[in-house]
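Nothing here was measured: the structure is a model prediction, and the numbers come from that model.
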Amino acid sequence: MKNPDASQGGSASELISQRIAELGDWRGDILARMRKLIREAAPDVVEEWKWNVPVWSHDGIICTGETYKSAVKLTFAKGASLQDPTGLFNSSLTGNVRRAIDIHENEKIDEAAFKSLIRAAVTANSAAAKARSTKK
């Protein structure tokens, strides 16, 4: 599979759409669905393209969307600090900062809980950004 990067031009949103189209299978469907849920939960989200993967940010990185042969992995940059009452995080659980959600073919995800995680990440990032700005 061809991996687009920023050097090929195009906006980050275009590169993310290109990645989804190139996948052309269940992984693309899941990535597209999660992208939609992220946008619904955080309408002001900024789509970026870093490390050759989609990145969603709001006052800092919310999460990345990586695709592997057997899973779509959504890695939350500050996931360890977020409340996850429904247990969506199922990967990268031993780290001190990040947490991830691996979604496999035919798996369903609790969409309301996922949106809550996105909103919690935005809130945490905004609070950190505000704290940084008041220290200046």
Side-chain angles (χ1 to χ4, degrees):
M1 171 190 342
K2 185 173 88 175
N3 290 324
D5 65 18
S7 66
Q8 291 176 311
S11 72
S13 292
E14 291 169 339
L15 292 170
I16 294 169
S17 294
Q18 181 181 341
R19 169 63 52 88
I20 290 167
E22 284 179 348
L23 288 165
D25 60 11
W26 63 270
R27 298 170 301 163
D29 294 342
I30 289 174
L31 190 58
R33 180 72 185 136
M34 303 318 291
R35 179 191 203 187
K36 181 178 184 285
L37 293 173
I38 292 166
R39 288 173 165 174
E40 289 173 1
D44 295 334
V45 71
V46 175
E47 291 191 321
E48 300 177 279
W49 188 262
K50 296 181 179 182
W51 313 292
N52 206 31
V53 298
V55 176
W56 290 276
S57 298
H58 188 287
D59 289 328
I61 294 174
I62 297 170
C63 67
T64 61
E66 305 152 62
T67 53
Y68 299 96
K69 185 175 182 177
S70 65
V72 172
K73 179 185 286 287
L74 297 159
T75 302
F76 284 68
K78 298 176 185 167
S81 67
L82 302 177
Q83 295 295 314
D84 180 22
T86 62
L88 287 180
F89 291 132
N90 61 8
S91 182
S92 305
L93 300 176
T94 59
N96 293 330
V97 181
R98 291 184 299 259
R99 291 288 183 272
I101 302 169
D102 285 358
I103 307 169
H104 301 91
E105 189 172 12
N106 298 319
E107 278 186 338
K108 301 290 183 211
I109 188 163
D110 181 334
E111 294 182 0
F114 181 75
K115 286 180 169 183
S116 290
L117 274 179
I118 294 295
R119 287 190 289 271
V122 167
T123 299
N125 284 355
S126 295
K130 184 176 180 180
R132 284 189 304 270
S133 71
T134 59
K135 288 182 181 179
K136 291 182 179 178

Nearest-0.5 Å distance that lies between atom [atom1] in [X] and atom [atom2] in [Y]:
| X | Y | atom1 | atom2 | result |
| --- | --- | --- | --- | --- |
| Ser57 | Ile38 | OG | CD1 | 10.5 Å |
| Asp102 | Thr75 | CG | OG1 | 7.5 Å |
| Lys78 | Ile61 | NZ | CD1 | 9.0 Å |
| Ile118 | Phe114 | CD1 | CZ | 4.0 Å |
| Glu47 | Trp56 | CD | CH2 | 6.5 Å |
| Ser91 | Ile103 | OG | CD1 | 11.0 Å |

Heavy-atom pair of closest approach, residues [X] and [Y]:
| X | Y | value |
| --- | --- | --- |
| Gly28 | Ile20 | O-CG2, 3.5 Å |
| Pro54 | Ile16 | CB-CG1, 3.6 Å |
| Val97 | Ala77 | CG1-O, 3.0 Å |
| Ala80 | Gly95 | CB-O, 4.3 Å |
| Gly65 | Leu74 | CA-CD2, 3.9 Å |
| Gly60 | Asn125 | O-ND2, 3.1 Å |

Problem - Expected output: side-chain Asp59 to main-chain Ala129 donor-acceptor under 3.5 Å - result: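 Side chain of Asp59 to backbone of Ala129, a donor-acceptor pair under 3.5 Å: no, none is there.
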Exercise for the section: Please say which of Leu37, Val122, Ile101 ends up in a side-chain contact (heavy atoms from CB on, under 4.5 Å) with Leu117. Expected result: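 Single side-chain contact (heavy atoms from CB on, under 4.5 Å) partner of Leu117 among Leu37, Val122, Ile101: Ile101.
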Practice task
Evaluate whether atom CZ of Arg98 has more than 12 neighbouring non-hydrogen atoms of other residues, nucleotides or ligands under 6.0 angstrom away.
Solution key: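 For Arg98, atom CZ is not crowded (no more than 12 foreign heavy atoms under 6.0 Å).
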Answer whether the closest heavy-atom distance between the side chains of [X] and [Y] falls below 4.5 Å.
| X | Y | value |
| --- | --- | --- |
| Arg19 | Trp49 | yes |
| Glu14 | Ser17 | no |
| Val45 | Arg39 | yes |

Problem - Criterion side chain to side chain contact (heavy atoms under 4.5 Å, CB included) on Lys73 and Ser92, from CA distance to verdict - result: CA-CA 10 Å; Lys73 179 185 286 287; Ser92 305; 4.2 Å; yes
Handout entry: Distance-only donor-acceptor check, side chains Glu22 and Gln18, under 3.5 Å
Key =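 There is such a pair (donor and acceptor under 3.5 Å, judged by atom type) between the side chains of Glu22 and Gln18.
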Handout entry: Flag for Arg99-Ser81: side-chain donor and acceptor within less than 3.5 Å
Key =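 Checked: Ser81/Arg99 side chains show no N/O donor-acceptor pair below 3.5 Å.
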Exercise for the section: Could you walk me through whether Glu66 and Val72 pass side chain to side chain contact (heavy atoms under 4.5 Å, CB included), step by step? Expected result: CA-CA 6 Å; Glu66 305 152 62; Val72 172; over 6 Å; no
Exercise for the section: Give the intermediate values and the outcome of salt bridge (charged side-chain N to carboxylate O under 4.0 Å, His left out) for residues Arg27 and Glu105. Expected result: CA-CA 7 Å; Arg27 298 170 301 163; Glu105 189 172 12; over 6 Å; no
Handout entry: Glu111/Lys115 salt bridge by N-O under 4.0 Å criterion
Key =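 Glu111 and Lys115: not salt-bridged.
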Problem - Hphob cluster co-occupancy, Val55 + Val46, side-chain heavy atoms under 4.5 angstrom - result: no
